[in-house]
Amino acid sequence: MILVGAILLAVFVLPQPWRLPVILLAAVVEVAETGFWLWYSRRRRVQMGPETLVGSTGQVVTPCTPQGQVRVQGELWRAHCAEGAAAGEEVRVVALDGLTLLVERAA
């Protein structure tokens, strides 16, 4: 966008000796900005999939005795809690078994 603005400014407003330096400066700024945003967007790996839930906390929706359902990060998951957990209790995800979360009571 800066480059387009600089070209329009150079063609319609600026006198002859300033046209080329303004366009070149705008092109350098445009390339630097593009490089910065590419670097910034690739700083961390994308986090996706059920593996990212390990370590998260959630709330029991249906009693886990030992099978039940928990809500973690706004989604409802099937869960297995060996020690059992009542509805409304807070649990922590410790592992995954397919699409079933293995949970334990939060401390």
Side-chain angles (χ1 to χ4, degrees):
M1 210 53 201
I2 293 174
L3 184 58
V4 172
I7 290 172
L8 291 174
L9 181 69
V11 170
F12 295 112
V13 176
L14 294 175
Q16 179 57 35
W18 289 101
R19 289 181 181 172
L20 186 60
V22 167
I23 293 173
L24 290 176
L25 180 65
V28 167
V29 168
E30 193 79 25
V31 168
E33 183 181 10
T34 301
F36 169 76
W37 287 113
L38 284 173
W39 168 81
Y40 186 77
S41 67
R42 296 180 183 188
R43 289 180 309 155
R44 288 189 291 159
R45 292 183 51 144
V46 175
Q47 295 182 355
M48 55 188 260
E51 299 83 19
T52 61
L53 296 174
V54 175
S56 299
T57 58
Q59 192 170 23
V60 177
V61 176
T62 59
C64 292
T65 53
Q67 298 288 333
Q69 291 183 327
V70 296
R71 185 172 306 278
V72 179
Q73 296 181 1
E75 297 178 355
L76 201 58
W77 290 88
R78 185 177 22 200
H80 177 83
C81 184
E83 57 196 30
E89 283 190 64
E90 194 167 293
V91 292
R92 186 173 57 86
V93 179
V94 292
L96 256 79
D97 182 21
L99 289 178
T100 301
L101 303 179
L102 302 177
V103 298
E104 64 183 16
R105 288 185 185 161

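As a basis for the values below, the full set of heavy atoms in this structure was taken, side chains included, without hydrogen atoms, waters or symmetry mates. Worth saying up front: this structure is predicted, and the values here are computed from it rather than measured.
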Just wondering, are more than 12 heavy atoms of other shown residues or ligands nearer than 6.0 Å to CZ in Phe36? yes
Should His80 and Gln67 count as side-chain neighbours, where that means a heavy-atom distance under 4.5 Å? yes
In one Ile/Leu/Val/Met/Phe/Trp/Tyr side-chain cluster, 4.5 Å: Leu38, Leu3: no
Starting at CD of Glu89, measure out to SG of Cys81 and round the result to the nearest 0.5 Å. 8.0 Å
Looking at Arg92 and Ala106, would you say the former's side chain and the latter's main chain have a donor-acceptor pair under 3.5 Å? no
Might you work through the side-chain contact (heavy atoms from CB on, under 4.5 Å) test for Trp77 and Leu53, ending with a clear yes or no? CA-CA 11 Å; Trp77 290 88; Leu53 296 174; 3.3 Å; yes
According to a hydrophobic-cluster definition based on side-chain heavy atoms being under 4.5 Å apart (Ile, Leu, Val, Met, Phe, Trp, Tyr only), do Val70 and Leu102 belong together? no
Is there a donor-acceptor pair under 3.5 Å between the side chain of Arg78 and the backbone N or O of Leu99? no
What is the ring orientation for Trp37 with Tyr40, classed by angle as parallel under 30°, tilted 30 to 60°, or perpendicular over 60°? perpendicular
Would Val11 and Val4 show up in the same hydrophobic cluster when neighbours are defined by side-chain heavy atoms closer than 4.5 Å? yes
At their closest point, which heavy atom of Val72 faces which heavy atom of Gly58, and how far apart are they? CG2-CA, 4.0 Å
Just one of Val93, Val54, Val91 clears the side chain to side chain contact (heavy atoms under 4.5 Å, CB included) bar with Leu101, so which one? Val93
What is the distance from atom CZ of Arg71 to atom OG1 of Thr57, rounded to the nearest 0.5 Å? 13.5 Å
Would you say Val22 and Val28 are hydrophobically clustered, going by side-chain heavy atoms of ILVMFWY under 4.5 Å? no
Value for CG (Leu96) from OG1 (Thr52), rounded to nearest 0.5 Å, stands at 9.0 Å
As an exercise, state the distance from CD1 of Ile23 to CG of Leu8, rounded to the nearest 0.5 Å. 9.5 Å
Output for pair (Glu104 CD, Cys64 SG), nearest 0.5 Å, gives 12.5 Å
Sidechain-backbone polar pair: Thr62 side chain, Gln69 backbone, donor-acceptor under 3.5 Å: yes
